[in-house]
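Everything below concerns the one structure shown next.
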Amino acid sequence: MKYYSTNRSVPEVSLREAVVRGLAADRGLFMPERIDRLPDDFFNVIDKLSFQDIAVRVAQAFFGEDVEPKSLEAIVRDTLSFDTPAVEIEKDIYSLELFHGPTLAFKDVGARFMARLLQYFINKDSDGRTVNVLVATSGDTGSAVANGFLGVAGIHVYVLYPGGKVSPIQECQFTTLGRNITAIEVDGNFDDCQRLVKSAFLDEELNARMLLTSANSINVARFLPQAFYYFSGYAQLKAMGRDIVICVPSGNFGNITAGLIAHRMGLPIKRFIAANNANDIFYNYLLSGEYRPKASIPTLANAMDVGDPSNFARVLDLYEGKHDVISSLISGASFSDSRIAEAMNECFAKTGYVLDPHGACGYLALKEQLKEGETGLFLETAHPAKFRDTVSGIIGTEVDIPVRLGEFMKGEKKAVAMTARFSDFKSYLLDR
Ligand SMILES: *Cc1c(COP(=O)(O)O)cnc(C)c1O
């Protein structure tokens, strides 16, 4: 299977190259050259299969030509060491809980898969050089990537984060791991971290001396595996025999785009809802047909604070830029912080279910837009304990911390202090 760039001005590349490069040379995003429809006999039995079995079948459709079947199956099963249950919240509204992975957010699936796929390619390579993954984080990405790659032989991960600007719960998830994970606490903000990483990728001397790669969320190995849980969500609701609507709290639009790809593979989803916080760029695009990126606005659902969603290019590519097609399959929604908080409160008071601020956008959009005869499933993208102080403050009840999160908090923090100057970061890497 080849991968083309959404900008279509460079030649197609192999899966391996798409994974190692992350972004195409013309700065487009990679897309698979074909999206095969899965056969009816798969959909007929899907509700009898485990999440892992479903995912193996879906993974074969994307990666089956490039990864040996046994290895691919092992990668998928090892990635999915947890389930994604659909939980009924109230009549016709279900939460697909994607937070049962090691760092309690859906990004675990893509990060774990990418780590294992990269390891597979490294093992096939005889030169045996360590691959260095550089990742800048404002909190969540760093923990998912660090935990996804933890203990994976042949790979070393450097997580750059702004000192004093991530929550203690987030910080402990990538500073206490040790082994092949190094946390670098930068004296600066998130933009400084991102600049250091970008400068490293552009630096000729560094790239001649070490193999560098990014584990950015646009990487096909992080993006495509997200299709797995749409199939699983459908499988769990199939018995209802009704029209299924999936609502996705969206920021960079990688997650929902994987859902659209599942739909293209024949998954019988009636329609999608993209739920935004106050960052309403996609919502406005659906209404007006015009895409106008803006500076991002900070909100309660901060993993969705994106003013120019990268994966918009993939959505356009999937539907040849046809606004009428896109807006008939996807509807939008945009919520202020006060609406998000209200929804969390109402849902908790009425049902006892604790939403996180991201999932709350999904819940709200379904409440507003679900029609008679439809069953709604929103993706609960993070565990509320990840945003414990915010959530407790809003619903007025302490949120329990799951055991695996508590374990991180017991670990000892280890981080390398770094200035925001690239020359310092570069000499540090060269000395390693
Ligand atoms: C990353 C993230 C999102 C947004 O997902 P996209 O793929 O960027 O649209 C939503 N919720 C949480 C908790 C996240 O970490």
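Both counts, for ligands and for their atoms, begin at 1 and track the order of listing. Position 1 is the first residue of the sequence; numbering continues from there.
Side chains of Ser232 and Gln236: a donor on one and an acceptor on the other come within 3.5 Å. Arg222 and Asn219 share no donor-acceptor pair across their side chains, judged by distance under 3.5 Å alone.
Close placement of the Phe387 and His358 rings is indicated, their centers lying within 6.0 Å of each other.
Looking at ligand 1, you'll find an N or O of Gly254 within less than 3.5 Å of one of its N or O atoms. For ligand 1, the polar-atom distance check against Ala382 finds no nitrogen or oxygen pair separated by under 3.5 Å. The N/O atoms of Ala303, backbone and side chain alike, include none that comes under 3.5 Å of an N/O atom in ligand 1. For ligand 1, the polar-atom distance check finds an N/O of Thr381 within less than 3.5 Å of one of the ligand's N/O atoms.
Using a 30° and 60° split on the angle between ring planes, Phe42 and Phe231 fall in the tilted class, from 30° to 60°.
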Practice problem: Begin with the C-alpha distance, continue with both residues' side-chain angles, and end with the deciding distance and a verdict on ring-ring contact (aromatic ring centres under 6.0 Å, His included) for Tyr363 and Tyr353. | Solution: CA-CA 11 Å; Tyr363 170 80; Tyr353 194 78; 8.4 Å; no
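Atom 15 (O) of ligand 1 has its nearest heavy-atom neighbour, among His358, Met304, His383, Lys107, in Lys107.
The single protein non-hydrogen atom nearest to atom 7 (O) of ligand 1 is Asn255 N, 2.9 Å, given as residue, atom name and distance. Counting only heavy atoms of the protein, atom 8 (O) of ligand 1 lies nearest to Asn252 N, 2.7 Å. Scanning the protein for heavy atoms near atom 4 (C) of ligand 1, the closest one is Gly251 N, 3.7 Å. Summary of contacts: the protein heavy atom closest to atom 5 (O) of ligand 1 is Phe106 CZ, 3.4 Å.
Considering Phe272, Tyr285, Tyr283, Phe282 as possible partners of Phe253, the one that fulfils the ring-ring contact (aromatic ring centres under 6.0 Å, His included) test is Phe282.
Cation-pi geometry between Arg264 and Tyr319 is met: under 6.0 angstrom from the ring centre, within 45 degrees of the axis.
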